[in-house]
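One structure is given below, encoded as structure tokens.
Scope of the values below: all heavy atoms of this structure, side chains included, with no hydrogens, waters or symmetry mates. Predicted, not measured: the structure shown is a model, and the values here were computed from it.
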Amino acid sequence: MAVKLERNLTKDEIITLYLNTVPFSDNVYGIRNASLTFFNKTPDKVTVDEAAVLIGMLKGNTLYNPRRNPRLATERRNTVIEQMNKYDYLSNDSVAILTKLPIKLDYRKLDYHEGMAPYFRQVLELQVKDICKDLKKPDGSNYDIYKDGLKIYTTIDIRMQHYAEEAVDEHMAELQKEFISQGSYRDGSVWQKHQDILMQGIKQSDRYQMLKDEDMSEADIMKEFAKPIKMRVFGWNRSKYKDTVMSPIDSIKYMKLFLQAGFLVMDPFTGEVKAWVGGIDHTFFQFDHVNINTKRQVGSTIKPMLYCLAVDNGFSPCGILSTAPQDFPEYMKHPYDAGGSKKGDVTMQTAIALSLNNAALYLEKQVGINAFVDFVHKCGITSNIDKVPAAALGVADISLYEMLGAYSMFPSGGIHTDPFFITKIEDKNGMLLKTFTPQQKEIINPTTAYKMVLLMQGVIDHGTGVRMRTRYNIKGDIAGKTGTTNRQADAWFIGYTPQLIAGAWVGCDDRTFRFGSQALGQGSAAALPIWAYFMRRVNADRTLNIKTDAKFKMPDGFSNCESTEVPSTGGIPSTGNPDEEEPGPPPSNDWEQP
């Protein structure tokens, strides 16, 4: 084996492979992890004496562990330094200085909660495990992602990931203050009406299961849960935790009233995922709100697909839509007024910009409920969607991951691209095992796509997303759609530029807890700011080459009903607040199946 290694690898390659996989103490593998664990530095940042400590540990990683055996570790470090002097890597003067230094650790044991993109890494781990079921070693056995030194190349942009995490933190810390200041949340009286949710939280906890396993009675368990104890809980501060004393029951109440968030960024042309933030803090909340299996009611973010189907079938963006209550005799006995009837007849441009629900129901009647739902599935949505009138209002539960893929057809000229985040996998020697390419298909033609871009720019420039301009002052071509669901349980914003597409969702894990005020809980207030804070950072980073002067590509010979402007009749009213969304759809069980 040694002869084979010498024939195929240089000395540097051999030592690199060794140092990247060798076990250090404290269940740490690889020189980078060891450097981060013992000195909180990457290997290129450690000093000579610190490097000597790490290399010295390889003689006996437990015996020479500087945390457990500092005296032996110092002696071993000095031996390494003296060897460096022997082979002319260090002068006598340097040896004299370095061997007298104490070992100063900055010990930080790494776990899977820490570091960049913990939610993404969790998904990546599962994906690679699944892929490895079909990858075989030369001996026919499967690869072990933990032991075989596989090299996984992903699409994540570290700078964008950092900006995305910062944007979520910046907005959610402030939004939580508004959320918890609501009367019944602030004084705790909300729990008087929701004892069932509290008991469910108690019974799902590890503490409850542990006490159950000890054969403790239900009454005694509840007594234990009522006793104040020292604990660490999440907090919106610099460390993202606080040490306190409270009962386990109170801790469940406390943690359940935190707003959660999901934020995903991708390249609409390639499908490459650039940033993935699945929640507000992975240490305390591991549930990933971006994952394709995490589905929430999407509200008005479904409407662009309805408008797209209509436009693709000959409806004009400047055509007039009714906002009167709509009849669905096969589903309801009376006309349904979902909101917006006071606006009168409006253009399609106005209807989508102001997110008028009755206009969406009217349009759905024109294209057909079945045709609309089928088209949504054609756009890459695999989640179940009931074929009921409320489908046009976003009553279905769909993942943020799916929604971003569906929206990719708008900025890319009609081409749908599935999000993906692994580009290739190599073995420890750099041998290519598998490559990954975007999965794409044409859904609509470039003309329809560009018409939709113009319609959705109206949302930003003078519709429900206008605060993108007025409050956050984000420049450049931007199109998107806000979404707010039933009684503000879910807030959405999905927006795109000529180069990026990103989506944000905000809400509590338990839909019972929500903003009482539409002004605070709507998509433009609760979700859009994350997008704005992210783009502000991205636009300021010249190294990313994201250009604020980039333009959406207009197809050759394009005509948008002779005018891309909202006409004077049926246009946006001069009175009222455009930054206000229609209320969300009713729960799906409010509709009867035919």
Side-chain angles (χ1 to χ4, degrees), residues 155 157 160 164 263-275 298 300-312 317 349 352-353 375-376 378-381 400-421 438-461 463-465 468-469 474-483 492-504 527-528 530-532 534-535 538-539 544-556 558 560 564:
T155 62
D157 185 293
M160 289 193 191
F263 187 57
L264 182 65
V265 183
M266 66 175 266
D267 183 321
F269 296 93
T270 66
E272 294 179 343
V273 171
K274 297 299 182 182
V298 294
S300 293
T301 55
I302 201 78
K303 290 177 182 175
M305 283 174 264
L306 171 65
Y307 283 78
C308 181
L309 176 61
V311 169
D312 205 43
Q349 296 161 320
I352 192 171
F375 181 73
V376 173
K378 182 182 176 182
C379 294
I381 303 295
L400 177 57
Y401 189 91
E402 291 172 275
M403 290 298 291
L404 228 63
Y407 270 50
S408 67
M409 66 182 174
F410 300 131
S412 65
I415 305 299
H416 169 274
T417 306
D418 287 330
F420 81 107
F421 47 82
Q439 300 298 308
Q440 298 179 317
K441 61 179 179 180
E442 183 176 358
I443 305 296
I444 52 178
N445 61 62
T447 297
T448 296
Y450 192 69
K451 286 182 178 181
M452 286 306 303
V453 168
L454 295 178
L455 284 171
M456 296 171 76
Q457 280 184 295
V459 174
I460 304 301
D461 294 335
T464 57
M468 184 74 72
R469 307 294 197 193
I474 306 300
K475 306 293 186 182
D477 275 12
I478 303 172
K481 186 70 188 75
T482 55
W492 291 77
F493 178 74
I494 303 176
Y496 52 89
T497 72
Q499 293 175 279
L500 286 177
I501 182 169
L528 180 149
I530 294 175
W531 199 99
F534 170 75
M535 285 307 299
V538 166
N539 289 340
L544 290 171
N545 200 31
I546 300 299
K547 301 175 181 177
T548 57
D549 60 352
K551 299 294 182 182
F552 291 112
K553 185 178 179 181
M554 179 188 295
D556 294 336
F558 177 79
N560 189 37
T564 60

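- Scored by the side chain to side chain contact (heavy atoms under 4.5 Å, CB included) test, S412 finds F269, I415 as partners (sequence neighbours excluded).
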TODO: I would like to know whether T301 and K303 meet side chain to side chain contact (heavy atoms under 4.5 Å, CB included); could you show each step before the answer?
DONE: CA-CA 5 Å; T301 55; K303 290 177 182 175; over 6 Å; no

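- Residues M403 and W492 form a side-chain contact, since some pair of their non-hydrogen atoms from C-beta on lies under 4.5 Å apart.
- A donor-acceptor contact shorter than 3.5 Å links the side chain of K441 to the backbone of K378.
- Residues meeting the side chain to side chain contact (heavy atoms under 4.5 Å, CB included) test with D157, sequence neighbours left out: R159, M160, K274, L544.
- Checked against side-chain hydrogen bond (donor to acceptor under 3.5 Å, both in side chains), Q440 has the following partners two or more places apart in sequence or in another chain: T417.
- Taken to the nearest 0.5 Å, the OG1 atom of T497 stands 6.5 Å off from the CD1 atom of I546.
- Using a 4.5 Å heavy-atom threshold, the side chains of V273 and L404 count as separate.
- Considering every non-hydrogen atom in both P411 and S408, the closest pair reads CD-O, 3.4 Å.
- Taking all atoms of both residues into account, the shortest heavy-atom contact from A353 to G458 is CB-O, 3.8 Å.
- Considering only heavy atoms from C-beta on, V265 comes within 4.5 Å of L500 through its side chain.
- Residues C308 and I444 meet the side-chain proximity criterion, which asks for heavy atoms closer than 4.5 Å.
- Nearest heavy-atom pair across I381 and A406 is CD1-CB, 3.9 Å.
- We find the CZ-CD distance between F421 and E272 to be 13.0 Å, quoted to the nearest 0.5 Å.
- At a threshold of 4.5 Å between non-hydrogen side-chain atoms, the residues Y307 and M456 do not count as touching.
- In this structure, K481 and I494 have side chains that are not in contact, with every pair of non-hydrogen atoms separated by 4.5 Å or more.
- Residues forming a ring pair (Phe, Tyr, Trp, His ring centres under 6.0 Å) with F552 (at least two apart in sequence, or on another chain): Y496.
- Between the T548 side chain and the G476 main chain, no donor and acceptor come within less than 3.5 Å of each other.
- Here the shortest heavy-atom pairing between P446 and E442 reads CD-OE2, 4.5 Å.
- In terms of the side-chain hydrogen bond (donor to acceptor under 3.5 Å, both in side chains) criterion, residue partners of D461 (sequence neighbours excluded) are, by chain and number, R469.
- Under a 3.5 Å cut-off, the side chain of H416 and the backbone N or O of I443 do not form any donor-acceptor pair.
- The neighbour count for D556 CG, taken as heavy atoms of other residues, nucleotides or ligands under 6.0 Å away, does not exceed 12.
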- [ ] Decide yes or no on side chain to side chain contact (heavy atoms under 4.5 Å, CB included) for L455 and V311, but give the supporting numbers first.
- [x] CA-CA 10 Å; L455 284 171; V311 169; 4.2 Å; yes

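- W531 contributes a side-chain N or O that, together with a main-chain N or O of A502, makes up a donor-acceptor pair within less than 3.5 Å.
- A search for side-chain hydrogen bond (donor to acceptor under 3.5 Å, both in side chains) contacts involving D477 returns nothing, not counting sequence neighbours.
- Residue pairs meeting the side chain to side chain donor-acceptor pair (under 3.5 Å) criterion with at least one member in residues 447-460, sequence neighbours excluded: D312-T448, N445-T448.
- Between G414 and A449, the shortest heavy-atom distance links the atoms N-CB, 3.5 Å.
- Checked against side-chain hydrogen bond (donor to acceptor under 3.5 Å, both in side chains), K553 has no partners two or more places apart in sequence or in another chain.
- Applying the side chain to side chain contact (heavy atoms under 4.5 Å, CB included) test to K475 and every residue at least two apart in sequence or in another chain returns N473.
- Taking each heavy atom of T482 and L528 in turn, the nearest pair found is CG2-CD1, 4.5 Å.
- A164 pairs by the side chain to side chain contact (heavy atoms under 4.5 Å, CB included) definition with F263, A275, V277, F534, not counting sequence neighbours.
- Proximity of a side-chain donor or acceptor of Q499 to a complementary backbone N or O of P268 within less than 3.5 Å is not detected.
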